[in-house]
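Working notes for the structure below.
Just so it is clear: chains get the letters A, B, ... in the order the sequence lines come, proteins before strands, and each one is counted from 1.
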2 protein chains.
Amino acid sequence: MNWDEKEMLKLDNQLCFALYACSKEIIALYKPYLNSQGLTYTQYITLLVLWEEDGLNISELGNKLLLDSGTLTPLLKKLEKSQLVERVRDRDDERVVKVFLTDKGKMLQETFSDLPQKMFCNTGIRVEEAIKLKAMLNQLLGNIQKL
Amino acid sequence: MNWDEKEMLKLDNQLCFALYACSKEIIALYKPYLNSQGLTYTQYITLLVLWEEDGLNISELGNKLLLDSGTLTPLLKKLEKSQLVERVRDRDDERVVKVFLTDKGKMLQETFSDLPQKMFCNTGIRVEEAIKLKAMLNQLLGNIQKL
DNA sequence: CCATTGTGTATTGTGTACAATTAAATTGTA
DNA sequence: TACAATTTAATTGTACACAATACACAATGG
């Protein structure tokens with residue numbers, strides 16, 4: 001093993017760990033806001049999607065969130081139990097479960113309307129930096145998906 | 001809710017989701033390499049730390065990996081079961097458990113010596129881009145930790 | 001010396017996350 | 001119309017991830 005290889009095996013030199021750590025820490029910053037409404041981060045981003053487009057089925061949600069049915073099925077049942085969504089099996093195709101926001105679920109959007117701005121302040125990052133960073137992440141994600 | 005607020009509640013406009021998605025997808029790229037050696041990503045980065053500095057205790061590992069004992073205790077017991085590490089309770093302070101690599105665990109480093117390079121190629125990102133991205137992530141992480 | 005405070009690990013409970021499998025329903029095709 | 005292939009969710013099993021708690025031990029201050 002040469003010097004370069006040894007250097008690159010150090011945790012601090014790994015891009016993946018920086019991503020992994022950043023992701024976890026930022027999600028942790030969301031927690032106080034979300035937990036106060038009885039939500040987790042994954043449940044929150046599921047609602048984000050439904051606020052944009054209601055009545056998606058589970059695989060459509062999974063495509064947008066990059067999550068599979070093993071994650072979404074129990075999560076959506078919890079959201080249903082707290083009466084934020086309704087799961088309705090499609091009459092025309094009984095395999096399909098469509099997910100609809102309840103009135104309570106729709107109203108919750110207002111509660112979180114200022115959360116993105118709040119979170120942005122918490123990170124202490126400049127606007128142009130954030131835009132640049134997101135662009136780089138999206139490009140990276142695009143590269144990976146193509147494989 | 002004004003237009004800006006509504007825009008920022010869209011999934012695709014959220015930096016946090018870009019981080020979360022990127023992190024998961026890159027870790028997924030690691031899986032074939034790691035699973036072939038019976039390892040998960042979290043176990044791999046734990047070994048990365050130990051290859052740099054052997055004999056750390058659990059809280060020291062947790063500080064470097066940003067993980068708590070609830071995650072590390074069962075993980076280290078699995079690594080011990082597969083004979084890659086040894087958990088030794090400190091004689092002087094019975095609260096402390098120190099973690100040492102076995103010979104088998106030390107030798108595994110060679111097996112992964114070219115993995116960072118391989119992974120880098122898989123992402124299809126340019127060197128300067130990767131460096132820039134990692135710098136931005138580390139700065140963001142620094143900002144958060146200070147809160 | 002001893003009560004208090006702090007530290008280090010383990011345990012329990014909840015909630016993802018994903019691979020693999022199953023099961024039901026639909027679709028394509030001979 | 002049979003029936004194979006595909007699609008869609010749900011289920012099962014393994015592995016994090018973290019909050020909350022418990023517990024043992026250590027350090028410290030009066």
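Leu34(A) and Met8(B) are members of different hydrophobic clusters when ILVMFWY side chains are connected at heavy-atom separations under 4.5 Å.
A heavy-atom distance below 4.5 Å is not found between the side chains of Leu48(B) and Leu65(B). Within the 4.5 Å cutoff, no side-chain heavy atoms of Glu60(A) are placed close to those of Glu53(A).
DNA chain D lies under 4.0 Å from at least one heavy atom of each of the following residues of residues 83-101 of chain B: Asp92(B), Asp93(B), Glu94(B), Arg95(B). Listed in residue order, the members of residues 53-65 of chain A having a heavy atom less than 4.0 Å from DNA chain D are Asn57(A), Ile58(A), Ser59(A).
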Taking only nitrogen or oxygen atoms into account, show me every contact under 3.5 Å that the protein makes with nucleotides 17-21 of chain D, one pair per line with its distance.
from    : atom 1 : to       : atom 2 : distance (Å)
dA17(D) : OP1    : Tyr20(A) : OH     : 3.3
dA17(D) : OP2    : Tyr20(A) : OH     : 2.4
dA17(D) : OP2    : Thr42(B) : OG1    : 2.9

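A 4.0 Å heavy-atom criterion places the boundary nucleotides of DNA chain C facing chain B at dG6(C) to dC18(C), written 5' to 3'.
Here the closest heavy-atom approach between residue Ala18(A) and residue Asn138(B) is recorded as CB-ND2, 4.3 Å. Looking at every heavy atom in both residues, Gln109(A) comes nearest to Leu9(B) through CG-CD1, 3.7 Å. Heavy-atom minimum distance, Gln14(A) versus Pro116(B): NE2-CG, 3.9 Å.
For the atom pair CG of Asp54(A) and CG of Leu101(A), the computed distance is 4.0 Å after rounding to the nearest 0.5 Å.
For Glu7(B), the side-chain hydrogen bond (donor to acceptor under 3.5 Å, both in side chains) partners are Lys10(B), not counting sequence neighbours. Qualifying ring pair (Phe, Tyr, Trp, His ring centres under 6.0 Å) partners for Phe112(B), counting only residues two or more places apart in sequence or in other chains: Tyr44(B). Contacts of Arg126(A) classified as side-chain hydrogen bond (donor to acceptor under 3.5 Å, both in side chains), with partners at least two apart in sequence or in another chain: Glu128(A). A search for side-chain hydrogen bond (donor to acceptor under 3.5 Å, both in side chains) contacts involving Lys64(A) returns nothing, not counting sequence neighbours.
Sorted pairs that involve residues 53-102 of chain A and meet ring pair (Phe, Tyr, Trp, His ring centres under 6.0 Å), not counting sequence neighbours, are lacking altogether. Here salt bridge (Lys or Arg N to Asp or Glu O under 4.0 Å) pairs that include residues 69-84 of chain B, with residues two or more places apart or in two chains, are Glu80(B)-Arg87(B).
In the helix from dC1(C)-dG30(D) to dA30(C)-dT1(D), the terminal helix axes, each the rotation mapping four pairs' C1' atoms onto the next four within five end pairs, subtend 10°, rounded to 10°.
With hydrogens and angles ignored, the 3.5 Å screen pairs a side-chain donor or acceptor of Asn143(B) with a backbone N or O of Thr123(A).
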Donor-acceptor list for residues 20-28 of chain A side chains, cut-off 3.5 Å, not counting sequence neighbours:
from     : atom 1 : to       : atom 2 : distance (Å)
Lys24(A) : NZ     : Leu66(B) : O      : 2.9

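Where Lys77(A) and Gln43(B) meet DNA chain D, the nucleotide closest to each residue was compared, and Lys77(A) sits on the side nearer the 5' end.
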